[in-house]
A.B. asks: 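The structure that follows is given in the form of structure tokens.
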Amino acid sequence: MPTPVNPPEPWTIALSAGTGDLATGTAVVTTRAPFALALTQLPRISVSTAPVGSVITVDINSGATSPATMLSTKLTIDASEKSSVSGATQGVLSSTTMADNDIITFDIDTVGSSTAGSGLQITLYVTRL
């Protein structure tokens with residue numbers, strides 16, 4: 001990983017409304033990197049209502065024109081849990097840097113089976129390069 005010039009800072013982004021069932025989708029949120037940055041640790045996802053029956057799965061994509069996945073193992077929240085921190089399968093970053101103004105998109109691949117989660121957020125831990 002590149003050597004950061006600033007201490008890591010959390011950047012939390014809402015991926016859904018605070019209430020109401022989650023729905024799957026590609027690029028459910030699109031934003032831009034505010035500066036060249038490095039992810040300094042595995043991002044975490046959390047919900048206000050836990051999924052029931054199966055996991056919530058989220059992917060992060062970035063790039064200048066055609067965003068590509070940054071995760072070789074996607075982020076998950078286990079059934080009946082509210083955070084990815086204690087997940088049975090932890091996400092794995094395959095890429096840790098973004099250029100200034102890179103497009104960043106977030107995909108929601110699964111939302112729970114018998115009960116969808118709600119209030120999904122992601123926290124990225126970033127340093128300016």
A.B. asks: For the OG1 atom of Thr123 and the CD atom of Glu9, what is their distance to the nearest 0.5 Å?
C.D. replies: 13.0 Å

A.B. asks: Kindly indicate whether the side chain of Asp109, heavy atoms from C-beta on, has any atom under 4.5 Å from the side chain of Val58.
C.D. replies: no

A.B. asks: Between Thr57 and Thr76, does any side-chain donor sit less than 3.5 Å from a side-chain acceptor?
C.D. replies: no

A.B. asks: Is the closest side-chain donor-acceptor distance between Thr69 and Asp59 under 3.5 Å?
C.D. replies: yes

A.B. asks: Show which side-chain atoms of residues 25-36 pair as donor or acceptor with protein atoms under 3.5 Å away, not counting sequence neighbours.
C.D. replies:
residue	atom	partner	partner atom	Å
Arg32	NH1	Asn101	O	2.8

A.B. asks: Rounded to the nearest 0.5 Å, what separation is found between the CD1 atom of Ile13 and the CG atom of Leu120?
C.D. replies: 11.0 Å

A.B. asks: Looking at every heavy atom in both Ala23 and Val111, which two are closest together, and how far apart are they?
C.D. replies: C-CG1, 3.8 Å

A.B. asks: Examine the side chains of Ser118 and Thr49 and answer whether a donor and an acceptor come within less than 3.5 Å of each other.
C.D. replies: yes

A.B. asks: Could you pull out the closest heavy-atom pair between Ile56 and Gly117, with the gap in Å?
C.D. replies: CD1-CA, 4.1 Å

A.B. asks: Do Ile103 and Met98 sit in the same hydrophobic cluster, where Ile, Leu, Val, Met, Phe, Trp and Tyr count as joined when their side-chain heavy atoms come under 4.5 Å apart?
C.D. replies: no

A.B. asks: Quick one, Ser114 and Val52 - any side-chain contact, counting heavy atoms below 4.5 Å?
C.D. replies: yes

A.B. asks: Rounded to the nearest 0.5 Å, what separation is found between the CZ atom of Arg44 and the CD1 atom of Ile77?
C.D. replies: 11.5 Å

A.B. asks: Kindly compute the distance separating CG (Leu71) from CG (Leu93), expressed to the nearest 0.5 Å.
C.D. replies: 5.5 Å

A.B. asks: Between Ser94 and Ser72, what is the shortest heavy-atom contact and its length?
C.D. replies: OG-N, 3.7 Å

A.B. asks: Just to verify, what does Asp100 make a side chain to side chain donor-acceptor pair (under 3.5 Å) with, not counting sequence neighbours?
C.D. replies: none

A.B. asks: Are Leu75 and Val55 grouped together when hydrophobic residues (ILVMFWY) are joined by side-chain heavy atoms under 4.5 angstrom apart?
C.D. replies: no

A.B. asks: Are any of the side-chain heavy atoms of Ile60 and Ile122 separated by less than 4.5 Å?
C.D. replies: yes

A.B. asks: Just wondering, do Tyr125 and Leu39 contact through their side chains at under 4.5 Å, heavy atoms?
C.D. replies: no

A.B. asks: At their closest point, which heavy atom of Pro8 faces which heavy atom of Thr40, and how far apart are they?
C.D. replies: CB-OG1, 3.5 Å

A.B. asks: Can you tell me how far the OG1 atom of Thr115 sits from the CG atom of Leu22, to the nearest 0.5 Å?
C.D. replies: 11.5 Å

A.B. asks: Going by atom type alone, with no hydrogens or angles, which donor-acceptor pairs under 3.5 Å involve a side-chain atom of residues 79-92 and a protein atom two or more places apart or on another chain?
C.D. replies:
residue	atom	partner	partner atom	Å
Glu81	OE1	Ser86	OG	3.4
Lys82	NZ	Ser48	O	3.1
Ser83	OG	Val85	N	3.1
Ser84	OG	Ile45	N	2.9
Ser84	OG	Ile45	O	3.4
Gln90	NE2	Ser84	O	3.1
Gln90	NE2	Val85	O	3.3
Gln90	NE2	Gly87	O	3.0

A.B. asks: Rounded to the nearest 0.5 Å, how far apart are CZ of Phe106 and CG of Leu124?
C.D. replies: 5.0 Å

A.B. asks: Hey, does the side chain of Ser54 reach the backbone of Ser113 with a donor-acceptor pair shorter than 3.5 angstrom?
C.D. replies: yes

A.B. asks: For residues Asp102 and Pro67, determine if any side-chain heavy atom of one lies less than 4.5 Å from a side-chain heavy atom of the other.
C.D. replies: no

